[in-house]
**Q** 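Provided herewith is a single structure, encoded as C-alpha cells, for subsequent inquiry.
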Protein chains: 2
Amino acid sequence: MPDRRVRTLSRDKIVDAALDLIDQNGAGAVTMRDLARALGVTPMALYNHFGNKNELLRGVAEHVIDRADFDGGVAKWQDRLRHCFHTLRRICLQHPGLPTMLEIEGAAPASVFRPMDVAMAALQAAGLDEVESAQAYFVLVGFTLSQATYQARGPIPGLHASRQLAADWDYDAGFEYGLELIITGVSGMAER
Amino acid sequence: MPDRRVRTLSRDKIVDAALDLIDQNGAGAVTMRDLARALGVTPMALYNHFGNKNELLRGVAEHVIDRADFDGGVAKWQDRLRHCFHTLRRICLQHPGLPTMLEIEGAAPASVFRPMDVAMAALQAAGLDEVESAQAYFVLVGFTLSQATYQARGPIPGLHASRQLAADWDYDAGFEYGLELIITGVSGMAER
DNA sequence: ACCTGAACACCGTTCAAGT
DNA sequence: ACCTGAACACCGTTCAAGT
C-alpha cells in the first residue's frame with residue numbers, strides 16, 4: 001500500500017514551479033533555494049525527486065518540448081520545415097530560458113530528437129541523403145536557437161548601440177528571411 | 001614620474017593567464033580565485049585592472065578576435081565568406097571557451113563587429129541589400145558558433161549514443177556542408 | 001519514503017587596511 | 001596606485017537526523 005498522506009512535492013509540481021521562475025526571471029536565475037522557497041519547502045526536498053539541478057532542468061526542457069507539435073501534418077517539405085522551426089522558435093520565446101537550458105552540458109533531454117526526426121524526414125523528402133539531412137538539420141536548429149537567444153537577451157547595450165541594428169531591428173523578419181535562405185539552400189544542394 | 005617598481009600585474013598578463021586557463025579547462029572553468037592563484041596574486045588584485053569578471057572575459061574575447069584575419073584578401077564573395085567563417089570557427093575551436101564567452105550577457109566586445117563588417121561586405125557583393133546582409137550574417141554566425149560549441153562540448157552521453165551520430169560524426173564535413181548550403185541559399189535569395 | 005537543519009566547499013565582490 | 005586579508009552574501013550539494 002502506498003502512503004496515503006498528501007505528498008507536498010512531486011516531479012510535476014517542481015517542474016511547473018521551475019518553469020514559472022524561468023519564465024519570470026530568465027534562464028540562469030533559477031536557484032535551488034529560490035525554487036524551494038516558491039514551493040514552500042526546503043532546498044534538499046528537491047533532491048528526493050531529481051538527482052541534481054541538471055536533471056531538474058532536463059525535466060523542465062522535456063516537459064516543454066513534449067507539449068509542442070513539431071509535425072503539423074502539412075504536405076510540402078518546405079512547409080514542414082517552416083512549421084517545425086516556427087514551433088521551436090515559439091516555445092523558445094515563450095520560455096526564454098529554454099535555449100540556454102538546451103545548451104547547458106547534459107541538460108538536453110532525449111526529447112530534442114523529436115523536432116530532429118520531423119525535420120530530417122522533411123529534408124530527405126527534399127532529396128538529401130541521411131547524412132546531409134543531419135548536417136542541414138544542425139544549420140536549422142543552430143540558427144533558430146541562436147536567433148531566439150539574441151531576441152530574448154535583447155541588444156547588448158553599448159555594442160549594438162553603435163550600429164543602427166539596435167532599436168528598430170525586426171527579429172521576426174530576420175527569422176523569416178534566414179529560414180527562407182536556408183530552405184533555398186536546401187533546394188540548391190538537393191539539385192546537385 | 002611613474003612608479004618604477006615592477007608591477008606584478010597588468011591587463012595583458014591577466015588576459016594571457018585567463019586564456020591559458022580557458023584553453024586548458026574549458027569555458028566556465030575560469031574562476032577569479034583560480035586565475036589569481038595562477039598569477040601568484042590575491043583575487044582582489046584583479047579588480048585593479050578589470051571592473052568585474054565580465055569585463056575581464058570581454059578583454060579575453062577582444063584579444064582573441066583582434067588577432068584574427070577575417071578578410072584574407074580573396075576576390076570572390078563566396079571565398080570571402082568561406083575564409084571569414086573558417087577563421088571564426090578556427091579561433092572558436094582553438095579557444096573552446098570563446099563561443100560561451102561571446103554568448104554571456106555583456107561579455108561580447110566591440111570586436112565582434114570585425115567579422116560582421118567583412119561578411120556583410122561580401123554579402124552585399126553577392127547582391128543582397130544592407131538589411132538582407134545583416135539577416136544573412138546572423139544565419140552564418142549562429143551556425144558557426146553553434147557548430148563550434150557542439151564540437152567543443154562533444155556528444156552528450158546517453159543522448160547521442162542512441163543515434164549513430166555519436167562516434168563517427170564528422171564535424172569538419174558537417175561545417176563544410178552547412179557553409180555551402182548557406183552560400184547556396186545566399187545565391188538563391190540574391191537572384192529573386 | 002520523504003522532508004528538515006546544519007554544515008561544507010565553493011563563488012563574485014565589498015571594504016578597510018596596508019605600502 | 002596597487003595589493004592584501006578578512007568578510008559578506010550567495011551557490012549546489014552532503015550528511016545525519018527526524019517522521
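Letters go in sequence order (proteins before strands), and every chain restarts at 1.
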**Q** Taking atom C1' of C:dC10 as reference, at what distance in whole Å does atom NZ of B:K53 sit?
**A**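 Going from B:K53 (NZ) to C:dC10 (C1'), I get 12 Å.
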
**Q** Provide, to the nearest angstrom, the distance between the CZ atom belonging to A:R37 and the P atom belonging to C:dG5.
**A**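 That distance rounds to 14 Å.
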
**Q** Between B:R33 and A:V41, name the one whose nearest nucleotide on DNA chain C is closer to the 5' end.
**A**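 Its nucleotide being nearer the 5' end, the pick is A:V41.
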
**Q** Rounded to the nearest Å, what distance is computed from the CZ atom of residue A:F50 to the P atom of nucleotide C:dA1?
**A**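 After rounding, the reported distance stands at 19 Å.
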
**Q** With respect to the side chain of A:A45, which nucleotide from C:dG12, C:dC3, D:dG5 is positioned closest?
**A**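 When the side chain of A:A45 is considered, C:dC3 is the closest of C:dG12, C:dC3, D:dG5.
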
**Q** How about A:I22 and A:L98: do any of their side-chain heavy atoms sit closer than 4.5 Å?
**A**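 No; the side chains remain at least 4.5 Å from each other.
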
**Q** If you define the side chain from C-beta out and look only at heavy atoms, does anything of B:S187 sit under 4.5 Å from A:T184?
**A**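 No - every pair of side-chain heavy atoms lies 4.5 Å or more apart.
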
**Q** Could you check how far CG of B:L39 sits from C1' of D:dC2, rounded to whole Å?
**A**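 In whole Å, D:dC2 C1' lies 15 Å from B:L39 CG.
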
**Q** Closest approach to the side chain of A:M44, judged atom by atom: which nucleotide of C:dC11, C:dT13, D:dT14 is it?
**A**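 Nearest to the side-chain atoms of A:M44, counting from C-beta on, is D:dT14.
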
**Q** So B:Y137 and B:F85, would you call those rings parallel, tilted or perpendicular, with 30° and 60° as cut-offs?
**A**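 Geometry flag for B:F85 against B:Y137: tilted rings.
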
**Q** Please determine if a side-chain N or O atom of A:H49 lies less than 4.0 Å away from the OP1 or OP2 oxygen of C:dC3.
**A**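 Yes, because at least one side-chain N or O of A:H49 sits under 4.0 Å from OP1 or OP2 of C:dC3.
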
**Q** Side chain of A:Y47, heavy atoms from C-beta onward: which of C:dC3, C:dT13, D:dT13 has the nearest atom to it?
**A**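 Of the options given, the side chain of A:Y47 lies nearest D:dT13.
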
**Q** Tell me: CG of A:N54 to C1' of D:dC11, nearest whole Å?
**A**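 Distance, rounded to whole Å: 15 Å.
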
**Q** Are any of the side-chain nitrogens in A:D34 or A:R37 under 4.0 Å away from the carboxylate oxygens of its partner?
**A**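 Yes, charged N to carboxylate O under 4.0 Å.
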
**Q** C:dC3, OP1 or OP2 - any side-chain N/O from A:T8 closer than 4.0 Å?
**A**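 Yes, A:T8 has a side-chain N/O under 4.0 Å of OP1/OP2 on C:dC3.
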
**Q** Below the 4.0 Å mark, does D:dC11 have OP1 or OP2 next to a side-chain nitrogen or oxygen of A:T31?
**A**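 Yes, because at least one side-chain N or O of A:T31 sits under 4.0 Å from OP1 or OP2 of D:dC11.
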
**Q** Could you state the atom-to-atom distance from CZ of B:R11 to C1' of D:dA1 in whole Å?
**A**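 Spelled out: CZ on B:R11 to C1' on D:dA1 is 16 Å.
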
**Q** Which listed nucleotide (C:dC11, D:dT4, C:dC3) is nearest to the side chain of A:N48?
**A**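 Given the options C:dC11, D:dT4, C:dC3, the side chain of A:N48 is closest to C:dC3.
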
**Q** Using Watson-Crick or G-U wobble geometry with both distances under 3.5 Å, which nucleotide pairs with C:dA7?
**A**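 Because both required distances fall under 3.5 Å, C:dA7 counts as paired with D:dT13.
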
**Q** Could you give the CG-to-P distance, from A:L46 to D:dC11, as a whole number of Å?
**A**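 Rounded to whole Å, this separation is 13 Å.
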
**Q** Between D:dC3, C:dT13, D:dC11, spot the one nearest the side chain of B:N52, thanks.
**A**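 My answer, after comparing the listed nucleotides, is C:dT13.
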
**Q** Looking at CD of A:Q135 and CG of A:L140, how far apart are the two atoms once the value is rounded to the nearest 0.5 Å?
**A**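 Here the rounded value is 12.5 Å.
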
**Q** Does A:M32 reach a base, just sugar-phosphate, or nothing at all? Heavy atoms under 4.0 Å.
**A**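 Sugar-phosphate, backbone atoms only, no base.
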
**Q** On DNA chain D, nearest-nucleotide positions of A:D34 versus A:G51: which is more 5'?
**A**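 Per heavy-atom nearest nucleotide, the more 5' residue is A:D34.
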
